[in-house]
Each structure stands twice: as C-alpha cells, then as structure tokens.
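Keep in mind that the numbers below use all heavy atoms, side chains included, and drop hydrogens, waters and symmetry copies.
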Amino acid sequence: MISRRNIRVKVMQTLYGIETSEQDIPVEKSVKMLDAQFDQTRQLFSYLVYFITSVTRYAETDSRKRASKHLPSQQDLEVNTKIAGNSLLWQIMEAPGFQKTIEDLHIKKFDNPELTKKIYQQFTETPEYKEYISIASRDKKDEKKIIEFLFDSLILPSDDVISWVEENFIGWDDDAEMIQQMMSGLFQKPSSYDFTQLISPEKLKFGRDLLKTAIEKKTGCMDLIKPRLKNWDSERIAVLDMILMRMGVAELLYFETIPTKVTINEYIDLAKEYSTPQSGQFVNGILDNIHKELDTDGKLVKVDYKKQS
C-alpha cells in the first residue's frame, strides 16, 4: 500500500507543478492533480504486477508451442511449467480486486509479447531458475524467493522493460523507489493488498488535506519561514526546499496527530533525496528553529496518545 511518505512525495510534486506553472490553479483543480498522480501510480504498479504474472505463466505457452512442433524433441516435450503454478503468483492473482483492476485500467493493452518472451527466456537460463525447477515440491520461502529474484534481478535492471514502461506510463523516474517498496510489501502479504484501493481513505484524506493546507495557509507558513532566511540568498534557495519547508510548517501547525519529530525527520529525508546535497541540513535548521519557537509560544498542539492510554 502507498505509505504516508509516498503521499508526501506526491503532494510535493503537485505543489512543485503548481509553483512552476504560469497559470493560477484553483485548490479544487490542485486536488484533482494529486488524485491523478495516485491513479497513475496505481496503473503503473498494476501493470508491473501483471507483467510478472505474464512472464511466469509464459512457461505454459512455451510448453504448448514446443510440444506442437512437427518433430518435437524430448526437451521440447519436457518443458518444466512449475513456475506457472507458483503459489505466491496465484495468491497475487487472487488478491482482492486484481482481476477487476486489470480490466478497469485496461492493463492488457500494454501487453508486449516479445518482451514477455525475452524476459522469460533470460529467466530460464539463470542458475536460480534451474535450481527452483529442479525441486518438485513447493516451499513457501522458495516460491517467494524466485518471484523476488525475477522482479529484482531481471525485470528492474532490464533496459528493455524500463524503456517500455517509460514509453507507456508517466512518472517512472518519480515512482520507481515507491513501486519497489510496494512490490516488496505485496510479496510479503499478497492477500492484504486491494488493487482497487492501493491508498486507504484515511491516507487519501491526509494527502488531500496536506495539499490544501499547504496552499490555503501558504501566507502564514511563509511568514514563519521568511524571517529565518535573512542569511540566505532567497533567489538561490531551491524551489523544492521552500515547498518542503512549507509542507513541514503546515504539518507542525495543523496536523495534531503527527509527532513533531516524525514531521521534521520526514522533510529532512525528502530534502536530501529530492533536492540539493545541502538541502537536508538547511531544511532541518529552519524547521527545528520554527518548531522551538512554536513550542515556546504555546502554538504547537499535538495529541499525546501515550497519555491518553
């Protein structure tokens, strides 16, 4: 499932699009822009899961084709199709909403039979695959391990796959790390994933509220940030740094259930990853300073769940 960190990234990207746009974008349209980003991620994730199932099930296609040759060899008649019945694979295909999502998002239109065949053939030549099919029984750990190997060691590093993904889906560069995290979660607990709803209503509300707050409370947030930029050349401050600080201040002030430490650490990490090498330290200094002032002035209201229990 999409995490809160992933949601913050999407909000950051939406705000960046707004800040760099030459048009005045209403809040309602901004929320639709954010929702569209979530939809794009869902489509990309669903396609990659579908691609994994296509590669593994190609074993059955390969077996049929080779057996139907005019003069099939003994090797043609003995194609091992164990991978097509992989238990993790079938748990994924039977996960809530998987088949419906494939239909609703028209995922099959992105089919690339030659690419599927190519990855399958590379897969069958690996020592990992040969070891897997050499054992007739099915072990839960081995079933998971071989699917992880296929995705992590063959699909992700494939220039052909990535080129196809970039050609057909928006935002691979932005979503790659998030998709890997989501895929890892799927391999761990396939039955817990609902493909029709990869983001829970609670988290969707958090994302929309964070976006709207960062927009509607921009003036107040910037009033806290600007005085602390006196020793900095404002024109040289990265746009993303300003956006991340604004989001951080919005969380500190208006999201009472999120601990201040969590908020500050999240935006330091995002600054390090998405902005300049110096951004993490810069964002940390500004947000920590603002946090101390708000706390001293009694303007920081946070829910302490430990005291309530």
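- In this structure, the side chains of Ile258 and Arg4 come closer than 4.5 Å at one or more pairs of heavy atoms.
- Cluster membership for Phe51 and Ile170, using ILVMFWY side-chain heavy atoms within less than 4.5 angstrom, is not shared.
- Applying the ring pair (Phe, Tyr, Trp, His ring centres under 6.0 Å) definition to pairs two or more places apart or across chains, those involving residues 128-150 are Phe123-Tyr129.
- Going from atom CG of Asn112 over to atom OG of Ser54 covers 10.5 Å, rounded to the nearest 0.5 Å.
- Once rounded to the nearest 0.5 Å, the distance linking CH2 of Trp172 with OG of Ser163 reads 11.5 Å.
- For Ser279 and Thr276, the side-chain atoms include at least one donor-acceptor pair closer than 3.5 Å.
- A salt bridge between Asp288 and Lys292 is present, with a side-chain N of the basic residue lying under 4.0 Å from a carboxylate O of the acidic one.
- Looking at Met247 and Glu251, their side chains never come closer than 4.5 Å, going by heavy atoms from C-beta outward.
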Check: Could you go step by step and tell me if Leu294 and Leu224 meet the side-chain contact (heavy atoms from CB on, under 4.5 Å) rule?
Finding: CA-CA 10 Å; Leu294 292 173; Leu224 287 169; 4.2 Å; yes
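- For Lys217, there are no salt bridge (charged side-chain N to carboxylate O under 4.0 Å, His left out) partners, not counting sequence neighbours.
- Partners of Thr41 under the side chain to side chain donor-acceptor pair (under 3.5 Å) rule, at least two apart in sequence or in another chain, are Lys10, Asp175.
- Side-chain contact, Gln37 with Thr14: a donor N or O sits under 3.5 Å from an acceptor N or O.
- Under the 3.5 Å distance criterion, the side-chain polar atoms of Ser192 are matched with a main-chain donor or acceptor of Lys189.
- For Phe98, the ring-ring contact (aromatic ring centres under 6.0 Å, His included) test picks out Phe195, with sequence neighbours left out.
- Scored by the salt bridge (charged side-chain N to carboxylate O under 4.0 Å, His left out) test, Lys218 finds Glu19 as partners (sequence neighbours excluded).
- The shortest distance between side-chain heavy atoms of Ile155 and Ile162 does not fall below 4.5 Å.
- Residues Arg208 and Asp35 are paired through a salt bridge, judged by an N-O separation under 4.0 Å between the basic side chain and the carboxylate.
- Remark: the Thr56 side chain and the Asn86 side chain contain no N/O donor-acceptor pair separated by less than 3.5 Å.
- Counting only heavy atoms from C-beta outward, the side chains of Lys108 and Asp111 approach each other to under 4.5 Å.
- Using a 4.5 Å heavy-atom cutoff, the side chains of Asn6 and Ser3 are in contact.
- If you take OG on Ser30 and NZ on Lys32, they are separated by 11.0 Å, rounding to the nearest 0.5 Å.
- Between atom CG of residue Leu240 and atom CE of residue Met245 there is a gap of 10.5 Å, rounded to the nearest 0.5 Å.
- The ring pair (Phe, Tyr, Trp, His ring centres under 6.0 Å) analysis of residues 248-288, with sequence neighbours excluded, yields the pairs Phe206-Phe255, Trp232-Phe282.
- Qualifying salt bridge (charged side-chain N to carboxylate O under 4.0 Å, His left out) partners for Asp174, counting only residues two or more places apart in sequence or in other chains: none.
- With a 4.5 Å cut-off on side-chain heavy atoms, Arg57 and Leu89 count as touching.
- Tyr58 is not listed as a side-chain neighbour of Thr124, based on a closest heavy-atom distance of 4.5 Å or more.
- Asn265 places a side-chain N or O within 3.5 Å of a backbone atom of Lys261 that can act as its donor or acceptor partner.
- The side chain to side chain donor-acceptor pair (under 3.5 Å) search around Asp194 returns Thr196, not counting sequence neighbours.
- Every pair passing side-chain hydrogen bond (donor to acceptor under 3.5 Å, both in side chains) that includes a residue from residues 90-102 is listed here, sequence neighbours excluded: Arg42-Thr101, Lys100-Asp104.
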Evaluate the side-chain contact (heavy atoms from CB on, under 4.5 Å) criterion for residues Ile135 and Lys82: first the C-alpha distance (whole Å), next the side-chain angles of each, then the deciding distance (0.1 Å), finally the verdict. CA-CA 9 Å; Ile135 302 170; Lys82 178 184 176 181; 4.3 Å; yes
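- Between Arg5 and Glu273 a salt bridge is recorded (basic side-chain N to carboxylate O distance below 4.0 Å).
- With values rounded to the nearest 0.5 angstrom, Glu125 atom CD is found 10.0 Å from Tyr120 atom OH.
- Pairing each heavy atom of Leu252 with each of Leu287, the nearest pair is CD1-O, 4.3 Å.
- Among residue pairs with one or both ends in residues 2-28, none qualify as ring pair (Phe, Tyr, Trp, His ring centres under 6.0 Å); sequence neighbours excluded.
- When side chains are defined from C-beta on, Met182 counts as touching Tyr193, because their heavy atoms get closer than 4.5 Å.
- For Asp209, the side chain to side chain donor-acceptor pair (under 3.5 Å) partners two or more places apart in sequence, or in a different chain, are Lys205.
- A donor-acceptor contact shorter than 3.5 Å is absent between the side chain of Trp164 and the backbone of Asp159.
- Here Met93 contributes atom CE and Leu88 contributes atom CG; the two are 10.0 Å apart, rounded to the nearest 0.5 Å.
- Judged by distance alone, the side chain of Ser200 and the main-chain N or O of Lys203 form a donor-acceptor pair under 3.5 Å.
- Ion pairing between Lys302 and Glu256 fails under the 4.0 Å rule for side-chain N and carboxylate O.
- Listed for the Ser184 side chain is no donor-acceptor partner under 3.5 Å among the backbone atoms of Gln181.
- For Lys144, the salt bridge (charged side-chain N to carboxylate O under 4.0 Å, His left out) criterion is met by Glu148, not counting sequence neighbours.
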